[in-house]
Student: 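Mind looking over this structure? Questions follow.
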Amino acid sequence: MKIWFNKINESRRSIFEVEDKDENGDSIDVEVTIGRDPVNMLVLESPLVSRHHAVVRRLENHFELENVGLNICMIGELDVGVGETVKFDSGMPVRIWPYTLSFELETVPQISRNEFDAHIRNVMANLEQRIHKQLLERLDLVGMESSRTPDQKSILLLENNIQDCCREMDVFSAGNEELLNNIVGLVLRDLLTNQIILEGSVDSTRAATLTSNEFDVPATLIPERETELQNLLRMLKEQLHLEIPTDTSEKIRLVEDQAQSKFPALQRFLHAELRKYIILRALKKDLKDTVFGFGPLQDLLRVPSITEIMVVSSEQIYVETDGVIERSGRRFISDQVTESVIERIVAQVGRRIDKSQPLVDARLPDGSRVNAIIPPLAIRGPCLTIRRFPQQRLSIEDLIQKKALTSSAAAFLRAAVGNKRNILVSGGTGSGKTTMLNAMSSFIPYKERIVTVEDTAELKMHQEHVVTLETRPPNVEGRGEYSARDLVKNALRMRPDRLIVGECRGGEALDMLQAMNTGHDGSMTTVHANSSTEVIERLELLVLMAVELPIKAIHRQIASALDLIVQLSRMPDGRRMVTQVSEVERMDEETGDLIVTDIFNARNGISLQPTGYLPTFVDSLVDKNLLDLRFLYSEGRPTDESEAKRLSLDGPGMPRPLDLGPVTNQRAD
């Protein structure tokens, strides 16, 4: 056991070692007395230290401090009073004024897989940073980056120089063998993950795009080494039994959790030349991603389980998986590279970002939503947030299976959309509003004309007759801006059967309400709000951003325009679910308040249940054979796949009613 100590104003530390192992090398419990009296094991010479100040005991893998002096001690930020005993871990600072002490175990601490991965990725990132610095001196990387479709000659030149840099830095020396083996294990895991994603891609176009836009295979490949590498990956797949799980995300989790433990069995097939080839292959790919692609984001964007990527700074990249945010272990080479990648992203959709316009909203080719902000607004460096959407749009059946929605609520919403009711979807950030709007849009008959208005195009309609409009920011001269209000007004002149606004953030809320009131039934939109009752307050504010109107007049507009409010919430475990389906009944003429009544709500946050209230337009749904009133009593039955499929469209035209048997109760009590 080692004890490091120094006075507060001294930078040089002294060390005191205590034997804590027996003759067999096993750890034993030891006790160290501390004070200014010479009889103590560790003597701290200061009049501020008691003659006998503290006793520290080692107990297995932690320590225990007992204050036996006259003054307090501190462990971290915790005060240890006279006579008190506190346990603490190795490395925690202990203060006995005016000394600071640190107690360290000689045993090697156990680190988690995530910590190990982060360390290896940090080693790789440092190496790539050094190589990138040399490449900047050797090549015109700026000229290469400006080419969106790099030619084979440029790629080959870049790869050869990367190889030369590694040779000059003596990366593959014998002294680095253990570290190189760990790097190979991580690279193999990443390659296997990428293979699984491409093999599991249902959309062949998407798979082709990934392959063509990324640089997994080097231009300077060696066929013999590629064959050996593929054999290693095949053996790793067999050891992990990846044929058992059917879901791509499950396979990826299996690789992340168990691949590291399987790698030692493969090391006998890993000779020096193959190890060198694999590492060079990874370095070339990463640096080509930096020069031509999206840098460290390139691989993260392919993992289907990642729903959000958050670049806090060049060295901190976080991801959200299954509603949990964790550090990715990846990082950018520098702030300049981060800004370059951001510029590359926004340029693809005709947007720009620079010091005169330091924030921007854009999207990736796969539809992912992007928000970027750079200095001087971002103090710590460029920040990037990417909200990812599943390649396969979630349907109502998927939402039912994920328990985000119940079958009876889905049946009711299907009938309401078919009956051309105006619906507003509300919820907090990341609660699933766009996903819900997408799912409900599948209930719109194929023969109807749909016009969508969005800041960044995210809605994915299955219907053919869809016109998609997207806002445009002003140009460098401050001209050419087209806001959501402009597009909503224009959309009304395009003869829409359905008008869908991705999100109302400002004065376009007034135009949307007017559209709903002037014959454009069946329109849908979303707003940010915490509950269906707070939606009204939110709409009041948005309308007032457009024009000064009395609150009573606004309420009258809302009451005649909106039929339903669908409220979504994000649960503490990361799950999204519908928590309220409410009808905007009417306005109370005496008080001027809107009466909003729940048709469904999630009691105790467990599941969505009918309240027993029937909406005022239920007769219209029943008369048109769109809904059976037994939807109020169908929650007790298990939801199977065949029942969920009955909620989908039945060809072009109106959706079929859900067959729930004969009606025995015409109205709920």
Side-chain angles (χ1 to χ4, degrees), residues 1-123 125-126 312-316 318 325-327 329 331 378-381:
M1 179 176 73
K2 296 180 180 179
I3 306 174
W4 296 88
F5 63 98
N6 63 287
K7 282 190 176 182
I8 300 298
N9 297 323
E10 295 178 353
S11 58
R12 185 177 179 181
R13 295 199 304 170
S14 302
I15 186 172
F16 178 77
E17 297 191 44
V18 180
E19 184 61 46
D20 58 353
K21 296 184 184 296
D22 59 19
E23 56 186 14
N24 297 321
D26 298 326
S27 298
I28 57 175
D29 293 343
V30 296
E31 184 175 279
V32 179
T33 57
I34 303 172
R36 75 169 187 268
D37 195 293
V39 301
N40 291 287
M41 295 177 65
L42 176 59
V43 180
L44 302 179
E45 297 178 354
S46 171
L48 299 176
V49 178
S50 301
R51 293 174 59 85
H52 302 283
H53 202 117
V55 178
V56 176
R57 305 176 184 89
R58 176 191 168 166
L59 306 173
E60 296 182 353
N61 294 323
H62 63 273
F63 297 97
E64 180 183 85
L65 182 145
E66 181 184 358
N67 187 348
V68 295
L70 300 176
N71 300 322
I72 64 170
C73 307
M74 289 186 68
I75 298 177
E77 300 298 324
L78 177 66
D79 291 339
V80 183
V82 178
E84 292 183 352
T85 301
V86 175
K87 294 180 180 179
F88 64 98
D89 295 325
S90 174
M92 287 192 69
V94 176
R95 294 190 180 95
I96 298 178
W97 191 263
Y99 286 88
T100 297
L101 302 89
S102 177
F103 295 79
E104 296 182 2
L105 299 173
E106 294 186 7
T107 57
V108 179
Q110 296 294 319
I111 62 173
S112 66
R113 178 182 61 81
N114 289 338
E115 292 173 328
F116 176 79
D117 290 352
H119 171 68
I120 299 300
R121 292 194 191 280
N122 190 55
V123 171
N126 288 330
V312 177
S313 65
S314 297
E315 297 187 351
Q316 290 179 292
Y318 290 85
I325 297 176
E326 57 187 8
R327 199 160 180 170
R331 75 181 199 189
I379 303 300
R380 295 177 57 192

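Position 1 is the first residue of the sequence; numbering continues from there. If you're wondering where the values come from, they're calculated on a predicted model, not measured in any experiment.
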Student: Could you check whether the rings of Phe103 and Phe88 sit parallel, tilted or perpendicular, using 30° and 60° as the cut-offs?
Tutor: perpendicular
Student: Apply side chain to side chain contact (heavy atoms under 4.5 Å, CB included) to residues Glu31 and Val55 and explain how you reach the verdict.
Tutor: CA-CA 7 Å; Glu31 184 175 279; Val55 178; 3.3 Å; yes
Student: Quick one: salt bridge (Lys or Arg N to Asp or Glu O under 4.0 Å) pairs with a partner in residues 81-102, sequence neighbours left out?
Tutor: none
Student: Do Val312 and Arg380 have side chains that get closer than 4.5 Å, going by heavy atoms?
Tutor: yes
Student: Any heavy-atom pair between the side chains of Leu101 and Ile3 that's under 4.5 Å?
Tutor: yes
Student: Measure the OH-CD1 distance between Tyr318 and Ile325 for me, rounded to the nearest 0.5 Å.
Tutor: 9.5 Å
Student: So, Asn122 versus Arg331: side-chain donor-acceptor pair below 3.5 Å or not?
Tutor: yes
Student: Quick one: does any side-chain atom of Ser50 pair with a main-chain N or O of Leu70 as donor and acceptor, under 3.5 Å?
Tutor: yes
Student: What are the two closest non-hydrogen atoms of Val49 and Leu44, and how far apart are they?
Tutor: CB-O, 4.0 Å
Student: Check whether any side-chain heavy atom of Val94 lies under 4.5 Å from a side-chain heavy atom of Leu65, and answer yes or no.
Tutor: yes
Student: I'd like to check Glu66 versus Arg57 (side-chain heavy atoms, cut-off strictly below 4.5 Å). Are they in contact?
Tutor: yes
Student: Let's go through Ser46 and Tyr99 carefully: what are the C-alpha distance in whole Å and the side-chain angles of both, what is the deciding distance for side chain to side chain contact (heavy atoms under 4.5 Å, CB included) to 0.1 Å, and is it a yes or a no?
Tutor: CA-CA 9 Å; Ser46 171; Tyr99 286 88; 4.0 Å; yes
Student: When you compare the side chain of His53 with that of Asn67, does any pair of heavy atoms fall below 4.5 Å?
Tutor: yes
Student: Within the structure provided, determine whether Ile34 and Asn40 are in side-chain contact (heavy-atom separation under 4.5 Å).
Tutor: no
Student: To the nearest 0.5 Å, what is the distance between SG (Cys73) and CH2 (Trp97)?
Tutor: 13.0 Å
Student: Using the rule given for side chain to side chain contact (heavy atoms under 4.5 Å, CB included), can you reason through Asp37 versus His52, listing the C-alpha separation, both sets of side-chain angles and the distance that settles it, and then say yes or no?
Tutor: CA-CA 7 Å; Asp37 195 293; His52 302 283; 4.2 Å; yes
Student: Report yes if some heavy atom in the side chain of Trp4 is under 4.5 Å from a heavy atom in the side chain of Glu104; otherwise report no.
Tutor: yes
Student: How long is the span from the CZ atom in Phe63 to the CE atom in Met92, to the nearest 0.5 Å?
Tutor: 12.0 Å
Student: Could you tell me if the side chain of Val86 sits less than 4.5 Å from the side chain of Glu64, heavy atoms only?
Tutor: no
Student: Sequence neighbours left out, what passes side chain to side chain donor-acceptor pair (under 3.5 Å) with Asp79? Give chain and number order.
Tutor: none
Student: Can you tell me how far CG of Asn126 sits from CZ of Arg121, rounded to the nearest 0.5 angstrom?
Tutor: 14.0 Å
Student: Working to the nearest 0.5 angstrom, can you tell me the gap between Ile96 CD1 and Arg36 CZ?
Tutor: 13.0 Å
Student: Mind listing the closest non-hydrogen atom pair of Val32 and Met41 along with its distance?
Tutor: CA-SD, 3.8 Å
Student: Within a 6.0 Å radius of atom CG on Leu48, are there more than 12 heavy atoms belonging to other residues, nucleotides or ligands?
Tutor: yes
